[in-house]
Amino acid sequence: MQKYDYLLVGAGLFNAVFAYEAKKRGKSVLVIEKRNHIGGNIYTEKQYGIDVHVYGAHIFHTDSERVWDFVNNVASFNDFINTPYANFKGKLYSMPFNMYTFEKMFGVKTPEEAKAVIENEKSEIKGEPQNLEQQAISLVGRTVYERLIKGYTEKQWGRDCKDLPAFIIKRIPVRFEYNNNYFNDKYQGIPVEGYTALIEKLFDGCEIKLGTDFNGNRDYYLSLCDKCVYSGAIDEFFDFCLGDLEYRSLRFENETLDEKQYQPIAVVNYTEREVPFTRIIEHKHFNPVDSEKTVITREYPVSFEKGMEKYYPVNDEKNNSLYERYRKLEKSEKVIFGGRLAEYKYYDMDDTVLAALELADRELG
């Protein structure tokens, strides 16, 4: 029976980065993944020459030179800039909220005029915001909240904004300038060959078993390795002994159209509560190709049920407390927990890469 230095449970970005660093140091690595593909939620596949983001749009952005240098050493990135629109009752507004947004919404022409409108609307909130609605109004005013935040957020979380905790929206980017770049990060782009090609390069030299359930045969797989990096759900690892952590999930509705272009930009958010989906993604914009067809995806938030993919941890007080109780069960020196599901937190891709690199620093030297 072959022994490995490391068993990696999950073939997503976190373990892919760790695997790359481990292989550089001469370590043997076995990867097991319950899905039938590598890449986790950043998996892309070619359709009519278009890189389709199977689990929703993923745009790499970071301020970390270490992270940017790392990914560019593995794959070539384009210069894609995310400039989404928000569609409210057929009118398109720029995101993040900036002077293009305020000019169209309020008819203002200067930053001072825009600030005056927003400050006046914010003044209705007295004292500390008690829920997400009050928090949002205290940051951007009622008009922006009701048109561009309220419906989208209620669809995303499946609850009224008055019933959501204020901390979900800690801050809202507001720019009193004409700047549609959604991210403030210094570096931004998408792998030219797609994310799956990036993941393949990171896992190069590793043995990979797809369609393999770790938790169904845990003792056997742990016997194959000196150490294990587990990136699956922490409550599942402990057989849900303390209860289930809550998540929100997503449903994707894909459509292939016989036209060159469907919408003017990669991502359009639909912020009305009455529109059941939260956004439409047109994948061709991420890595433009000359094709007579285009692929679009409508994204529907749904309540999580067992068997669905876990997308967004519900990081309220109850669930965070339950996660901390699970974390205290992590007593084995053989198993290392890392990544979005194992740490029960939402990670951007650059945060995932950095966390994996830092784990490699500690673990591999």
Side-chain angles (χ1 to χ4, degrees), residues 56-57 59 61 63 81-185 188 248 263-281 299 301 312-316 346 348:
I59 300 149
H61 57 96
D63 269 332
I81 299 296
N82 191 29
T83 57
Y85 289 145
N87 184 314
F88 179 75
K89 296 187 176 181
K91 292 185 178 180
L92 293 178
Y93 296 94
S94 295
M95 296 183 66
F97 310 137
N98 64 70
M99 285 303 298
Y100 288 114
T101 317
F102 306 140
E103 182 177 347
K104 188 168 186 177
M105 189 172 290
F106 302 132
V108 297
K109 298 294 184 183
T110 69
E112 289 71 22
E113 291 175 322
K115 289 177 184 178
V117 173
I118 292 172
E119 288 300 320
N120 181 59
E121 292 189 355
K122 288 166 57 174
S123 66
E124 74 170 82
I125 304 301
K126 311 296 183 184
E128 191 71 20
Q130 299 301 305
N131 53 47
L132 188 146
E133 176 172 285
Q134 292 180 3
Q135 175 74 358
I137 294 171
S138 73
L139 293 172
V140 294
R142 179 167 287 279
T143 303
V144 173
Y145 162 70
E146 289 189 343
R147 293 186 187 180
L148 306 185
I149 297 174
K150 177 178 168 62
Y152 186 96
T153 303
E154 290 179 348
K155 288 186 286 188
Q156 190 74 17
W157 293 101
R159 293 161 62 185
D160 191 284
C161 284
K162 293 179 180 178
D163 299 325
L164 289 167
F167 70 79
I168 289 180
I169 295 185
K170 295 179 180 178
R171 63 181 182 85
I172 299 172
V174 177
R175 297 178 184 155
F176 295 100
E177 59 182 358
Y178 291 95
N179 180 358
N180 281 342
N181 189 344
Y182 190 76
F183 301 114
N184 289 316
D185 297 306
Q188 184 172 323
R248 290 288 289 171
Q263 61 191 26
I265 210 75
V267 180
V268 177
N269 291 348
Y270 285 76
T271 59
E272 294 170 69
R273 184 66 182 88
E274 294 73 21
V275 177
F277 50 85
T278 50
R279 59 182 180 174
I280 294 179
I281 299 162
E299 193 171 295
Y312 302 107
V314 182
N315 288 122
D316 58 15
Y346 182 81
D348 282 329

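The structure presented is a predicted model; accordingly, all values stated were derived computationally and were not measured.
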Examine distances only and state if a side-chain atom of [X] and a backbone atom of [Y] form a donor-acceptor pair shorter than 3.5 Å.
X    : Y    : value
Q135 : I169 : yes
K104 : L92  : yes
N180 : T83  : no
K155 : E272 : yes
T101 : S94  : yes

What pair of heavy atoms forms the shortest contact from [X] to [Y], and how long is it?
X    : Y    : result
R142 : I137 : NH2-CD1, 3.4 Å
P129 : A166 : O-CB, 4.0 Å
R248 : P301 : NH2-CB, 3.7 Å
N179 : Y100 : N-CE1, 4.1 Å
A57  : V267 : CB-CG2, 4.4 Å
F167 : N315 : CZ-O, 2.9 Å

Any chance you could measure [X], atom [atom1], to [Y], atom [atom2], to the nearest 0.5 Å?
X    : Y    : atom1 : atom2 : result
C161 : E146 : SG    : CD    : 10.5 Å
D63  : N184 : CG    : CG    : 8.0 Å
D163 : W157 : CG    : CH2   : 14.0 Å
Y145 : I125 : OH    : CD1   : 9.5 Å
M105 : L148 : CE    : CG    : 4.0 Å
Y85  : I265 : OH    : CD1   : 5.5 Å

Donor + acceptor pair across side chains of N181, R175 (<3.5 Å): no
No-hydrogen, no-angle side-chain donor-acceptor test under 3.5 Å, Y182 and Q188: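 No.
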Residues E119 and K122 bridged, charged N to O under 4.0 Å: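 So E119 pairs with K122 through a salt bridge.
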Any side-chain heavy-atom pair from [X] and [Y] closer than 4.5 angstrom?
X    : Y    : value
V117 : F102 : no
V174 : L139 : no
K150 : E133 : yes
F97  : I149 : yes
T271 : E154 : no

Evaluation steps, side-chain contact (heavy atoms from CB on, under 4.5 Å), between F106 and E113: CA-CA 9 Å; F106 302 132; E113 291 175 322; over 6 Å; no
F183 and H61 aromatic ring geometry - parallel, tilted or perpendicular at 30°/60° bounds: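 If you compare the ring of H61 with that of F183, the planes turn out parallel.
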Candidate pair F88 and Y93, rule ring-ring contact (aromatic ring centres under 6.0 Å, His included), full reasoning: CA-CA 8 Å; F88 179 75; Y93 296 94; 7.2 Å; no
Check against salt bridge (Lys or Arg N to Asp or Glu O under 4.0 Å), E299 and R279: CA-CA 6 Å; E299 193 171 295; R279 59 182 180 174; 3.2 Å; yes
